[in-house]
Peer 1: 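The following block contains the structure, expressed as structure tokens.
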Amino acid sequence: MTSNPTELTRLQSGDAATWRAVLTEHGPMLLGYATRMLKDRALAEDVVQDALVSAYRKIGGFDGRSSVKAWLTRIVRNRAIDVLRGRNRLVEMPDGDPDAGYFDERGRWAISCPRFAPTGEKALDEQRLVDRLRVAMDALPHGQRDVLLLKEVHGFTTEEICAALDLEPGNVRIRIHRARKALRAAVLQGATLEES
Amino acid sequence: MPFSRCQDVMARVSEIVDGEAGAGARARFFAHMAMCSDCRRYYRQLRDVCGAAAATADEPPANLDAMLDRVMEAVDAAHSDPS
Ligand SMILES: [Zn+2]
């Protein structure tokens with residue numbers, strides 16, 4: 001989705017009312033996203049504030065090929081990653097497949113697919129799953145956490161994620177798939193810890 | 001049609017969850033689900049994880065307006081200063 005040209009022209013001319021409307025619309029999402037990336041609310045506020053002021057300065061160079069929302073997210077994301085890297089807290093993505101060992105050489109299940117709730121229960125109740133998911137998401141590498149936050153929590157389309165993360169659509173789909181597998185594996189690991 | 005490899009079926013599971021797979025791929029996927037309890041369990045887990053992930057969202061912070069005011073102050077200052 002491209003930007004609304006009228007809105008973009010107003011933003012580029014520094015129209016305060018349009019800026020306030022755009023920030024009011026996307027601010028909660030940007031702050032929520034940055035908080036989950038940085039795991040520090042105060043730091044996230046600083047990062048988002050700096051990113052938005054920087055967006056204001058740079059919007060003259062924005063071509064409007066993506067939505068303003070995706071463009072703002074990209075600025076916030078890059079700044080958050082820089083901060084994490086500067087503090088040596090950026091968790092890089094592992095090379096391994098979280099489902100390694102599940103399948104044999106014929107592509108069949110080598111072991112039975114493990115249950116989230118090994119001892120008797122049929123399924124996790126909703127609240128326990130959400131609690132466990134939150135912990136699991138916060139523990140994921142940032143390259144997987146960002147794609148899941150944008151996709152599952154903030155409802156970004158693949159196209160918006162491409163623009164926000166500067167990736168091709170095929171690449172985004174692969175990252176979403178891998179990130180979901182990693183999240184499922186992390187929930188499973190949490191389940192094993194809870195049961196032991 | 002030979003019994004599909006579970007690994008190949010599971011490689012498509014994200015597309016199914018997102019409703020991005022075509023009708024043929026969907027039909028093959030769910031035909032496999034009907035026969036394979038392990039893939040069925042995996043699919044349900046992934047679907048539940050995706051569905052519940054949205055519920056991990058935080059409440060919007062109460063002090064968001066204050067932050068936006070600070071941004072707007074900086075923006076106004078930048079706007080009135082042509083340097
Ligand atoms: Zn199977």
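Because the structure is a prediction, the values reported are computed rather than measured. Residue numbers begin at 1 in each chain, while the letters A, B, ... track the order of the sequences.
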Peer 1: Which heavy atom of B/Arg5 sits nearest to which heavy atom of A/Glu105, and what is that distance?
Peer 2: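 For B/Arg5 versus A/Glu105, the nearest heavy atoms are NH1-O, 3.7 Å.
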Peer 1: Name the region of A/Leu23, side chain, backbone, both or neither, that has any atom closer than 4.5 Å to a heavy atom of chain B.
Peer 2: both
Peer 1: I'd like to know if the side chain of B/Asp38 and the backbone of A/Trp109 have a donor-acceptor N/O pair within less than 3.5 Å.
Peer 2: no
Peer 1: Considering non-hydrogen atoms only, spot the tightest contact between A/Arg20 and B/Leu68 and give its length.
Peer 2: NH2-O, 4.5 Å
Peer 1: Closest approach of B/Leu64 and A/Pro28, non-hydrogen atoms and distance?
Peer 2: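 Shortest heavy-atom separation between B/Leu64 and A/Pro28 comes out as CD2-CG, 3.4 Å.
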Peer 1: Test your reading of the model: is there a side-chain donor-acceptor pair from A/Arg115 to the backbone of B/Arg41, 3.5 Å cut-off?
Peer 2: no
Peer 1: Less than 4.5 Å to any heavy atom of chain B: does that hold for the side chain of A/Thr24, its backbone, both, or neither?
Peer 2: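 The answer is both parts of A/Thr24.
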Peer 1: Flag the one option from B/Val17, B/Asp69, B/Val9, B/Asp18 with the top tally of heavy-atom pairs under 4.5 Å to chain A.
Peer 2: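 So the answer, after comparing B/Val17, B/Asp69, B/Val9, B/Asp18, is B/Asp18.
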Peer 1: Examine whether an atom of B/Asp65 lies under 4.5 Å from a heavy atom of chain A, and if so say whether it belongs to the side chain, the backbone or both; otherwise answer neither.
Peer 2: neither
Peer 1: Heavy-atom pairs under 4.5 Å with chain A: which of B/Ala57, B/Gly51, B/Ala55, B/Cys39 has the most?
Peer 2: B/Cys39
Peer 1: Taking a hydrophobic cluster as the set of Ile, Leu, Val, Met, Phe, Trp and Tyr residues connected by side-chain heavy atoms closer than 4.5 Å, whether directly or through intermediates, do A/Met93 and A/Val147 fall within one such cluster?
Peer 2: no
Peer 1: When only pairs under 4.5 Å are counted, which of B/Ala54, B/Ala11, B/Ser14, B/Ala53 shares the most heavy-atom pairs with chain A?
Peer 2: B/Ser14
Peer 1: Determine yes or no for a side-chain-to-main-chain donor-acceptor pair under 3.5 angstrom, with A/Arg134 supplying the side chain and B/Thr56 the backbone.
Peer 2: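 Yes: the side chain of A/Arg134 pairs with the backbone of B/Thr56.
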Peer 1: Roughly how far apart are A/Leu30 CG and B/Met67 CE, rounded to 0.5 Å?
Peer 2: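 It is 7.5 Å, given to the nearest 0.5 Å.
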Peer 1: Taking side chain as C-beta onward, heavy atoms only, is B/Tyr42 less than 4.5 Å from A/Asp99?
Peer 2: yes
Peer 1: Which bit of A/Tyr33 comes within less than 4.5 Å of chain B, counting heavy atoms only: side chain, backbone, both or neither?
Peer 2: neither
Peer 1: Relative to chain B, which segment of A/Lys151 carries a heavy atom at a distance below 4.5 Å: side chain, backbone, both, or neither?
Peer 2: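 The side chain, not the backbone.
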Peer 1: So do B/Met10 and A/Tyr102 actually touch side chain to side chain, heavy atoms under 4.5 Å?
Peer 2: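 Side-chain contact under 4.5 Å: no.
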Peer 1: If you look at every heavy atom in A/Glu152 and B/Cys50, which pair is closest and at what distance?
Peer 2: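 Heavy atoms of A/Glu152 and B/Cys50 come nearest at OE2-SG, 3.4 Å.
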Peer 1: What distance do B/Arg70 atom CZ and A/Glu45 atom CD have between them, rounded to the nearest 0.5 Å?
Peer 2: 6.0 Å
Peer 1: Using modelled atom types and a 3.5 Å cut-off, is there a donor and acceptor pairing between side-chain atoms of B/Gln45 and backbone atoms of A/Ala185?
Peer 2: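 No, because the side chain of B/Gln45 does not come within donor-acceptor range (under 3.5 Å) of the backbone of A/Ala185.
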Peer 1: With only heavy atoms counted, which part of B/Glu20 is less than 4.5 Å from chain A, the side chain, the backbone, both or neither?
Peer 2: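 Side chain only.
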